[in-house]
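Here the structure comes first, spelled out in structure tokens, and everything after it is commentary.
Starting from 1, each residue takes its place in the sequence as its number.
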Amino acid sequence: MKKIISVLICISILFSFSACSLNASNGLFTIGVLGSVQSFDPLKAESDIEKMLSTNCFEGLLRFDENSKIDLAGATAYTVEKNGTLYTFKLNPDASYHLSKAAKELLVEKGIKKFDTTITAQDYIYGIQSFQEAYPEPLKSIKEIKAVDEFTIEIKLSKADYDLLYKLAAYPVYPRSKAFCDAMNKDLGTSTDTILTNGPYYIKSSDPTETLMERCYDYNGNIHTMNKHIVLYTTGAEEALEERYLNGSYSIYTSRDIALENAAVSYSDVWGLCFNCKSALGASQGLRFVFLSSINFGIIEMPSYAISKAEAVIPPDFTLGDVTYSDFASTPTRYTSDTEKAQSTLDALLAKYKKTSYTLKFAVPAEMESTAKTIIKDWEELFGEKIVVELKTFDKKDASTIATEGDYEIAILPLSPEARTPQGLLDNISGAPCYYEKSIMQQEKAYSPISEDRFKAYHSAENTLIENGVFVPLFYTGTTLNLAENLKGIYIADGGDLIYFYGGHQTK
């Protein structure tokens with residue numbers, strides 16, 4: 001077996017598999033969350049609080065680090081075959097489940113008097129299979145999983161999936177004990193004592209008003225927990241979260257619409273000017289050129305929920321292999337205005353199709369209505385009665401509905417990928433909001449085992465989208481993480497779906 005890629009080679013000799021740092025803080029960090037815990041089973045995590053528990057009380061093969069790159073977690077090393085269809089993971093032999101006294105008593109009641117908490121290859125296999133059963137689509141490329149030995153697993157794919165590492169880090173793909181799950185049966189995850197955790201924290205208690213995570217002293221992974229307690233308070237309204245953060249009641253505040261000073265950012269969506277290419281007007285590259293090349297992009301004002309201006313279609317912290325997209329040097333592609341050519345092209349198209357004017361439905365977020373009106377005014381001054389524009393505004397929360405309905409020729413809408421990877425984002429192009437079905441990928445490079453080649457393929461594809469006037473990026477949105485002034489080390493990843501608490505510490 002010839003292995004040409006060996007990513008994040010075994011560094012277990014550098015890891016002291018210990019949960020607690022000598023400088024760990026015994027401080028208590030408080031966080032406000034919306035919603036309550038409906039299930040402690042990470043496979044059922046939907047609300048913010050459930051995702052926080054999943055991210056910090058459970059540990060899979062991989063995780064994200066503070067720079068959004070892929071890092072080792074339950075795996076101490078992995079290798080990838082040349083063709084990208086065989087992954088081998090070495091597991092941490094010292095890893096174990098946290099078994100509470102109450103859970104142990106429940107097992108005894110169900111006839112299991114001795115329960116081995118060691119996490120083995122079979123637990124990971126059962127965990128992956130459980131995830132596949134709950135969510136068939138993300139890991140559909142997996143053909144076979146087998147245990148090479150007690151602490152080594154092989155994952156064989158039916159075809160190369162270079163987003164596999166991302167999926168193993170982003171999704172709740174955790175080891176599961178089949179014996180424990182079978183014993184708990186329908187009660188699995190209904191309380192803190194009917195679930196096995198294996199992360200740096202365990203769930204000490206939970207009720208409708210608050211949930212307490214505490215440092216797990218029998219965690220034997222490769223990270224040091226720098227704090228002892230995390231308290232998640234159930235808060236009724238978004239406004240209350242911000243207010244209590246600002247008055248010092250909460251240590252942490254996350255928001256999808258506002259970034260306070262020194263906030264950490266994780267991108268989820270890229271918004272841009274896009275054409276509905278299933279409409280007659282949007283399908284015409286000539287007409288796309290006419291309208292886009294007559295826009296002064298310098299006058300476009302960002303809405304309050306924009307985190308930053310978009311320099312490219314693909315956000316910089318999206319994962320490419322085990323690194324991020326911004327790790328590769330790129331030159332931003334700009335859409336160049338050419339009003340004279342826009343006028344002559346419009347006249348030629350009107351003459352060719354024996355028309356006197358084109359009607360354009362333009363949909364924009366309500367916050368950008370003023371910008372849209374300025375664009376329309378410029379069009380009218382340039383083209384006169386040759387174009388008729390119908391402006392439609394919508395609330396930001398309704399963007400996905402507007403995109404799905406497709407009642408527009410041009411719009412300012414987001415690309416919202418489920419997987420925060422270049423492939424995940426570009427997979428959206430054939431559907432809402434662009435409905436652009438032409439191939440834009442250099443397939444041989446996109447599926448190359450060499451990350452640099454894959455980057456070039458994706459960068460070429462995003463340039464094609466811009467140059468062909470299908471989607472011109474304007475700004476990024478996502479989640480911001482705001483920490484109290486004396487709190488450091490907590491970070492977010494994957495568009496804000498993952499918040500890691502273990503490194504949190506007070507500086508004074």
Side-chain angles (χ1 to χ4, degrees), residues 64 68-70 137-138 140-141 160-171 256 265-277 305-328 330-333 335 399-400 402-404 411-443 445-448 451 453-479 492-498:
F64 293 99
S68 291
K69 298 180 182 181
I70 302 294
E137 189 64 23
K140 65 181 181 180
S141 63
D161 178 2
Y162 290 107
D163 283 346
L164 180 67
L165 299 179
Y166 162 85
K167 294 171 184 177
L168 294 177
Y171 298 132
R256 291 176 176 82
V265 171
S266 186
Y267 300 114
S268 59
D269 305 328
V270 53
W271 291 66
L273 272 162
C274 62
F275 277 88
N276 175 0
C277 295
Y305 48 83
I307 292 178
S308 68
K309 184 178 179 180
E311 296 296 332
V313 176
I314 300 169
D317 66 345
F318 273 32
T319 304
L320 177 61
D322 61 339
V323 295
T324 59
Y325 197 68
S326 60
D327 285 348
F328 300 89
S330 65
T331 303
T333 299
Y335 197 93
S400 61
I402 296 297
T404 302
I412 297 178
L413 285 168
L415 294 176
S416 304
E418 182 177 339
R420 274 89 186 206
T421 65
Q423 188 63 50
L425 188 141
L426 295 178
D427 282 345
N428 281 23
I429 299 301
S430 60
C434 298
Y435 300 100
Y436 189 69
E437 296 183 353
K438 294 183 181 179
S439 175
I440 56 172
M441 292 298 295
Q442 301 173 40
Q443 298 296 338
K445 288 187 177 181
Y447 297 107
S448 166
S451 294
D453 286 347
R454 299 208 303 278
F455 165 76
K456 290 178 180 178
Y458 290 126
H459 187 51
S460 173
E462 63 180 343
N463 287 348
T464 298
L465 286 177
I466 296 171
E467 291 164 356
N468 288 346
V470 177
F471 185 91
V472 180
L474 298 176
F475 58 91
Y476 299 128
T477 58
T479 299
I492 57 176
D494 196 35
D497 279 348
L498 306 176

Checking Glu462 side chain against Ile314 main chain: does a donor-acceptor pair fall under 3.5 Å?
-> yes
Decide yes or no on side chain to side chain contact (heavy atoms under 4.5 Å, CB included) for Phe275 and Tyr436, but give the supporting numbers first.
-> CA-CA 9 Å; Phe275 277 88; Tyr436 189 69; over 6 Å; no
Gap between atom OG1 of Thr421 and atom CG of Asp163 - 0.5 Å precision = 3.5 Å
Evaluate the side chain to side chain donor-acceptor pair (under 3.5 Å) criterion for residues Asp317 and Thr324: first the C-alpha distance (whole Å), next the side-chain angles of each, then the deciding distance (0.1 Å), finally the verdict.
-> CA-CA 5 Å; Asp317 66 345; Thr324 59; over 6 Å; no
Distance, nearest 0.5 Å, that separates CG of Leu164 from CG of Asp322 | 12.0 Å
Closest approach of Ala306 to Phe475 (non-hydrogen atoms, all atoms of both residues) | CB-CD1, 3.5 Å
Please identify each residue that fulfils side chain to side chain contact (heavy atoms under 4.5 Å, CB included) with Ala403, with sequence neighbours left out.
-> Tyr408, Leu413, Ala432, Pro433
Heavy-atom closest contact (Pro417 atom, Phe318 atom, distance) = CG-CE2, 3.7 Å
Test side chain to side chain contact (heavy atoms under 4.5 Å, CB included) applied to Leu465 and Leu426, step by step = CA-CA 10 Å; Leu465 286 177; Leu426 295 178; 3.9 Å; yes
Which atoms form the tightest heavy-atom contact between Gly321 and Arg454, and what is the distance?
-> CA-NH2, 3.6 Å
Does the side chain of Gln423 reach to within under 4.5 Å of the side chain of Tyr458, using non-hydrogen atoms?
-> yes
Point-to-point distance, once rounded to the nearest 0.5 Å, from CG of Asn468 to SG of Cys434 | 11.5 Å
Sorted by chain and number, sequence neighbours left out, ring pair (Phe, Tyr, Trp, His ring centres under 6.0 Å) with Tyr335 holds for none
Qualifying residue, where the test is side chain to side chain contact (heavy atoms under 4.5 Å, CB included) with Val313 and the options are Ile429, Leu415, Thr464, Val470 = Leu415
Tyr325 vs His459, side chain to side chain contact (heavy atoms under 4.5 Å, CB included): CA-CA, chis, key distance, verdict = CA-CA 9 Å; Tyr325 197 68; His459 187 51; 3.5 Å; yes
Non-hydrogen side-chain atoms of Leu425 and Pro315 separated by less than 4.5 Å = yes
Write down the atom of Ser430, the atom of Glu437, and the distance for their closest heavy-atom approach.
-> O-CG, 4.2 Å
Can you name the closest pair of heavy atoms from Phe455 and Ser330 and give their distance?
-> CZ-CB, 3.6 Å
So CG of Leu498 and OG1 of Thr479: to nearest 0.5 Å the spacing works out to 10.5 Å
Atom OG in Ser68, atom CZ in Arg420: separation rounded to 0.5 Å?
-> 11.0 Å
Check against side chain to side chain contact (heavy atoms under 4.5 Å, CB included), Leu273 and Leu474 = CA-CA 7 Å; Leu273 272 162; Leu474 298 176; 4.2 Å; yes
Classify the angle between the aromatic ring planes of Tyr171 and Tyr166 as parallel (below 30°), tilted (30 to 60°) or perpendicular (above 60°).
-> perpendicular
Donor-acceptor pair, Ser326 side chain versus Pro316 backbone, under 3.5 Å?
-> yes
So, for Phe64 and Ala493, which heavy atoms are closest and what is the spacing to 0.1 Å?
-> CB-CB, 3.7 Å
Rounding to 0.5 Å, atoms CD1 (Ile307) and CG (Asp269) come to a distance of 9.0 Å
Partners passing ring pair (Phe, Tyr, Trp, His ring centres under 6.0 Å) against Tyr476 (at least two apart in sequence or in another chain) = Tyr267
